[in-house]
Amino acid sequence: MNRFTVAVLSLLVGASAYATDRKASIDIDDRVQYQHVTGFGGFSPSPTWSYWLGDTEMNKLFGKGDNQLGLNVLRLYIANNKSAWGAGVANAKNAKKNGAFIFASPWSPPASWKSNNNDSNGGELLESHYGDWANFLNDYYDYMKGQGVEIDAVSIQNEPDWTAEYQSCIWTGEKLAKFLREYGSVIKCKIIAPEAIHFTRELHEAILKDDEACKQLDIVGGHFYGWDGSSYPLATQKGKEVWMTEFLINERQQNEGKNINWKDDGFLFARSINDAMLANMSAWVHYSLKRYYGCIGDGQYGTTNNAITKRGYILSQYAKYVSNSTRVRHSLNDASGLLSSSAYISQTGDSTIVMVLNPSGDTFTTTLSLPFNTLGGCQVVTSESMDAQKTLITLEDESYQPEVNIEPYTVNTFIFTKNSERTNRPDIEEENVVSIMTDGYDLYGASCIPAGWRANSEEGVRKAGSYSLGPRIMGFSAEGLMQYAFYFRTGDAADGYVSYGEEKDYRLQLEPGKYTLSFSTVGWKANPEVTAKVQTTTGTDIASLVATPEHFVSANGSSARITEANDFALDFEITTTGNYVLKWDVAKSSGGFNEALLGNVKLVRRDKDATAIQLTKASSANDVIGIYDIQGRALPRLQNGINIIKHTDGTTTKVMK
C-alpha cells in the first residue's frame, strides 16, 4: 500500500461538520473485460429552437485541450423538410474536425407517407413508403457528404414508442424488423435503432431475434426516460454495441423553478452516466449540448450563457479519459454504500482508469488494487469549487495498491500508468482444472428463468422463457459481488429449489473423474439454510453440502449492491458416465417464505490429466451427439453466435451461426 504525494494543490471541499472519515477499497481485474466504450457527447440542437452552436461553443465542447470538454459523439436532427438540412452543416463540420462520431435522428417522415397524413405527432409510416424512407435517409447522408461531412450513422426513428405533442412517428418492433430486413442493406451508413424512449425491450428484441434484420443493425440505441437499469445481454450475444442516445434531467427547474444544484443535480447526472457504463453501454449521449441542463449554459437557472456547466465538466471526465477504453471487472468494498464507481483499461493496456463518485459529506481513504505496478498517474476532480481539476500523483515506491483520498461531494477520475508487471496476481483458473460449465446469469438479464434451469416453489415448476415475479433472475449493481442472482424460495409445504440438468434438452453429462461445484449465496431478508446437491436424474444424491449464508439483502434493482456473500465449494467424484443434476434446496419455512439468492455458479473437473476442449475438424457432418455454448451449457439446437459441436469420435468443432 502506498500513499501518494500531490503536486500543485490540496483538495479543499466544504465538508459537513459531521463528516466521517471512512475506509474503502476497489479491486480491479482487467482479465475480465466487458464492453468497449466508444464515447460521450450530446445533441445540437433541438429542432424546436432557433439557434445552432457557433464554432467557439463547438470548440469548447469537442476540442481536446485544456478548458475544452473533449466530447466525441454528436447527434443531429434530420428535418422532414429537406430545405432545412443546411442548418446543421457547420456544427457537423466542426465536430468532425475534432474527430467526433456523428449520427442523425429523424422525428417524423413527411405527412403524405404516414397513416394519419400528419407530419407532426403520431401516425405510422405506411409500409408502401418503406423504400421511400430508406431513400430519404440516404438523401440526407448524400447531402451532408456533399457539404464535406460524412455522417457515420442514422437512426430509423426517434422514440418510436411515444406519441409526442411534437413531431413523432410510431413503430412496433415487428415493423422496425421488417423495415431493416427489407431495406436496411440499402442505407449507406451504420444504422441505430430503435431509440425507444425508455429502452423498450420489445422493440429492440424484435430486431435482434430476426436474423436478417439483426444483420442490418449496427447499434442498439435507446433513451433513459424511465429506464429500469437493465443491461441488454441479447445485444451483447449478437455482437451489437448498446448506446444511450438521449437523456436530460430538468425536473427541479421545470417543476420547482430552482437553480441547478451541485449536490442534487450534479450527482444525479454523474450517476446516470456511471449506471449506463455498469449496464454495458458503449456510449452516453446527452440531450441538448447547450441549455441550463446541458454542457454549456444558456443563462437560465443559475447558469452563465456559453459557459461550461458542472454537468459539462463531469461528462468531460468520461469523454477525455474513458472513451476508447474497455470496462473491466471491479469490486467496490464500501461498507457505507455511499460511493459509486467503475473501472476501465486503456486501449493500449498500459493505463487503468477508475471513476469514483462521492455524493456524501464523508471522506474516504481508498485503496485501489491495480492489475500492474505503478509509480503514479493523475487525479481529476469536479466539485462545487473545482472544474475537472487535474492533480499529479507520485508514489514514493512502485506499488499495485496506491491509497487515494475521495473527498466529500466530488466526481473523481484516477488514471494510473503501468510501470511493471504485477507478479502476485491470484490465478483466475487453478492449474489442471477444466471448466465444465459456468453461469453468472449475465446472458439473460433480469426477471426470467435462464435457459437450462428450472425453479420450484409454491407456484410449481417454472422453466426457461418465463418472465414474472416469483423465482427468477434478479439484477443488482455491477459494482457488487453478483450483478445477477437467481432468487428462489420455499414455503411451509412447498419443496423450493433451483436446478440445472433436469431439462431434457439441457442434460449435464459427466464422465468419471473428480469435480468441484462452486457458487455464491446470500439470503433474501434473512439467512435460510441452503443445501447444494449433485444428483442422478432419478434423484439419488451423489454429494451434498449445507451452505447457510451469513449475509442477506432485501432490495433488488440496479441501485442495490451485493457487498457481502458467502462462497461455497462442493467436491465430488463421478464413477459412471451419465446425466447428472445440480440442485439447490432451501429449507422449508415454518411460516411465510425462506428465500435465498444463488450466483457465480461454476462446475470444474479437477483431474491432473484433464485437458480443455480441443477444437478440431470433425470426420463427419452427421455424427453430432451434443451442441454446447462457449460456457459449456448444453443447447437443444444451434444458436446465433458461437456453438461447440461434439461428435461421436470424440472430436469437436466450433461453428458460427
Look at [X] together with [Y] and state whether they make a salt bridge at an N to O cut-off of under 4.0 Å.
| X | Y | answer |
| --- | --- | --- |
| Lys96 | Glu150 | no |
| Arg311 | Asp265 | yes |
| Asp218 | Lys240 | no |
| Asp119 | Lys114 | no |
| Lys290 | Asp298 | no |

In terms of heavy-atom contacts, does CG of Asn255 have more than 12 from other residues, nucleotides or ligands at under 6.0 Å?
yes

Neighbour count above 12 (heavy atom, 6.0 Å) for Asn116 CG:
yes

Pair Glu57-Lys60, salt bridge (charged side-chain N to carboxylate O under 4.0 Å, His left out): steps then yes or no
CA-CA 5 Å; Glu57 297 158 301; Lys60 282 183 183 179; over 6 Å; no

Does NZ or CZ of [X] lie under 6.0 Å from the centre of the six-membered ring of [Y], at an angle within 45° of the ring axis?
| X | Y | result |
| --- | --- | --- |
| Arg75 | Phe43 | yes |
| Arg327 | Tyr34 | yes |
| Lys188 | Tyr141 | no |

Polar contact flag, side-chain donor to acceptor under 3.5 angstrom, [X]-[Y]:
| X | Y | result |
| --- | --- | --- |
| Ser185 | Tyr183 | no |
| Asn250 | Tyr301 | no |
| Glu241 | Thr38 | yes |
| Thr200 | Asp161 | yes |

Have a look at Asp152 and tell me which of Val73, Ile192, Ile102 forms a side-chain contact (heavy atoms from CB on, under 4.5 Å) with it.
Ile102

Determine whether the aromatic ring centres of residues [Y] and [X] are separated by less than 6.0 angstrom.
| X | Y | result |
| --- | --- | --- |
| Tyr140 | Trp85 | yes |
| Phe269 | His286 | yes |
| Tyr225 | Trp162 | no |

Derivation of the salt bridge (charged side-chain N to carboxylate O under 4.0 Å, His left out) call for Glu182 and Lys178:
CA-CA 6 Å; Glu182 297 179 358; Lys178 177 180 175 63; 2.7 Å; yes

Would Lys390 and Asp66 count as a salt bridge (charged side-chain N to carboxylate O under 4.0 Å, His left out) if you check the C-alpha gap in whole Å, the side-chain angles of each, and the deciding distance to 0.1 Å?
CA-CA 10 Å; Lys390 183 183 290 188; Asp66 295 337; over 6 Å; no

